[in-house]
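Following: one structure in structure tokens, then a few remarks.
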There are 2 protein chains.
Amino acid sequence: MDNQNQGCTKRDVAGASFSIHPMSDRFIEIIKSALNEVDTRKVHMNTDDVSTTVRGNLIQVFDVTKAMFLHAAKTGEHVAFQATYSLGCPGDSKAEAYIANDQIPLNAELVNGINQYIAAKFALYPLGDGNYMDVIHKQIEAIRKYVTVSAANYSTRLDGDALAIFEGLEQVFKAVVKSGSSHTVMTVSISANSPSHENISTVIA
Amino acid sequence: MDNQNQGCTKRDVAGASFSIHPMSDRFIEIIKSALNEVDTRKVHMNTDDVSTTVRGNLIQVFDVTKAMFLHAAKTGEHVAFQATYSLGCPGDSKAEAYIANDQIPLNAELVNGINQYIAAKFALYPLGDGNYMDVIHKQIEAIRKYVTVSAANYSTRLDGDALAIFEGLEQVFKAVVKSGSSHTVMTVSISANSPSHENISTVIA
């Protein structure tokens, strides 16, 4: 693919558009509280009525989104999390100013003690690549190292501890970027504290 | 792209993985009620703890997802809707049995009277195509016919009436498929009845 024609930048700017949906009358309080607890100094973050955008170094983007989700989920309320992670052309050229050069995540230590069972579905979209299915299948195999994997329609299902799942997602996303994909997109849907999980959560508690 | 190598089917099977998140203690009641009001006889539908999958003819898939969202949103509760629409390889070969050959949507008439302001973000991912950005930019222009369009990070923002927005989304998705994309993916995030919309909703009421 001709990166120039697609208006790409080669800088290592990642981003995510994500949203947290607490199925609770207290949804505003839960979201605001999570926002307050997360250190966002190393990213550029912007929230509107549909979603929140976070941009910066890939490590910081995963750190902030993971922490936002965990702080919301630890309330015990049924919380859904949706995110689209993106790295590469074409939308990120203006985001270069937001990159923090250091690779130390600010929130990792604070959330490492949170045990949270989740069910997740993720999909990888390496754009502009004719062999994209090979890239996807390789990463579905790779994420088995972190978490229980099963087939789902239009995605791959992951069951287990939130920290392990986020670690796996970050690693497969990085692997696709390193494999040379010029524009990598990954969607993630997570369900925490669902009434449907009651029989499952005891397994990993 | 060699469709054979990617395990594609050429049949016209579309699908969506979607979820509805009412930000309310009544979330179970709202979701169950929406499920009861939608006629799903022409699609194959399966719900688990993360999302609902619907498969069938493209027209029926949009008809069912639109109706599910509108029936949930008409409760007046703050409702978020997330969907990934997909058509093409590789996952749909087993879904051919679920195609209803007729093109008449079962729910369109029932929901046509529902006026619902929404804010939405959508992203198109034509996979396996080196010129995917041209395809995307063309469709962002095309959807202006239906609704107010503005730029967003990693997506395109749409503001307006839900029926017009769903019509626009269906048309751009169809156009990408007809342009020859062998695997078309579109993600949609919608927010209805958000406390942040109070000033906006009067505009289209």
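Order of the sequence lines fixes the chain letters, A, B, ..., with proteins taken first and strands second; residue numbering starts at 1 for each chain.
Here Thr53(B) is the residue among Ile136(B), Thr53(B), Ile190(B) with the most heavy-atom pairs under 4.5 Å with chain A.
Looking at Val185(A), the atoms closer than 4.5 Å to chain B (heavy atoms on both sides) all sit in the side chain, from C-beta outward. Residue Ala120(B) touches chain A through its backbone alone, counting heavy-atom pairs closer than 4.5 Å. Looking at Asp48(A), the atoms closer than 4.5 Å to chain B (heavy atoms on both sides) all sit in the side chain, from C-beta outward. In this structure, chain B has heavy atoms under 4.5 Å from both the backbone and the side chain of Ser189(A). Contact of Ile28(A) with chain B is made through the side chain alone, with heavy-atom distances under 4.5 Å. For Ser155(A), no part lies near chain B; criterion is any non-hydrogen pair under 4.5 Å. For chain B, the nearby parts of Ser17(A) are the backbone and the side chain; heavy atoms of each come within less than 4.5 Å. Contact annotation for Ala16(A): only backbone heavy atoms (N, CA, C, O) come within less than 4.5 Å of a heavy atom of chain B. Looking at Ala151(A), neither its backbone nor its side chain comes within 4.5 Å of chain B, counting heavy atoms on both sides. Only the side chain of Thr84(A) comes within contact range of chain B, with at least one heavy atom under 4.5 Å from a heavy atom of that chain.
Note on ring orientation: taking the six-membered ring where Trp is involved, the planes of Phe166(B) and Phe69(B) are tilted (angle from 30° to 60°). The aromatic rings of Tyr125(A) and Tyr125(B) lie parallel to each other, their planes meeting at an angle below 30°, with 60° marking the opposite boundary.
No option in Leu70(B), Ile165(B), Leu163(B), Val79(B) other than Leu70(B) meets the side chain to side chain contact (heavy atoms under 4.5 Å, CB included) test with Gln116(B).
More than 12 non-hydrogen atoms from other residues, nucleotides or ligands lie less than 6.0 angstrom from CZ of Arg144(B).
Within the 6.0 Å centre-distance limit, the rings of Phe27(A) and His78(B) are counted as a close aromatic pair.
Distance check, rounded to the nearest 0.5 Å: CG of Leu87(A) to NZ of Lys174(A) gives 11.5 Å.
Contact detail for Asp25(B) and Ser24(A): the closest heavy-atom pair is OD1-CA, 3.3 Å.
Proximity of a side-chain donor or acceptor of Asn107(A) to a complementary backbone N or O of Asp39(A) within less than 3.5 Å is detected.
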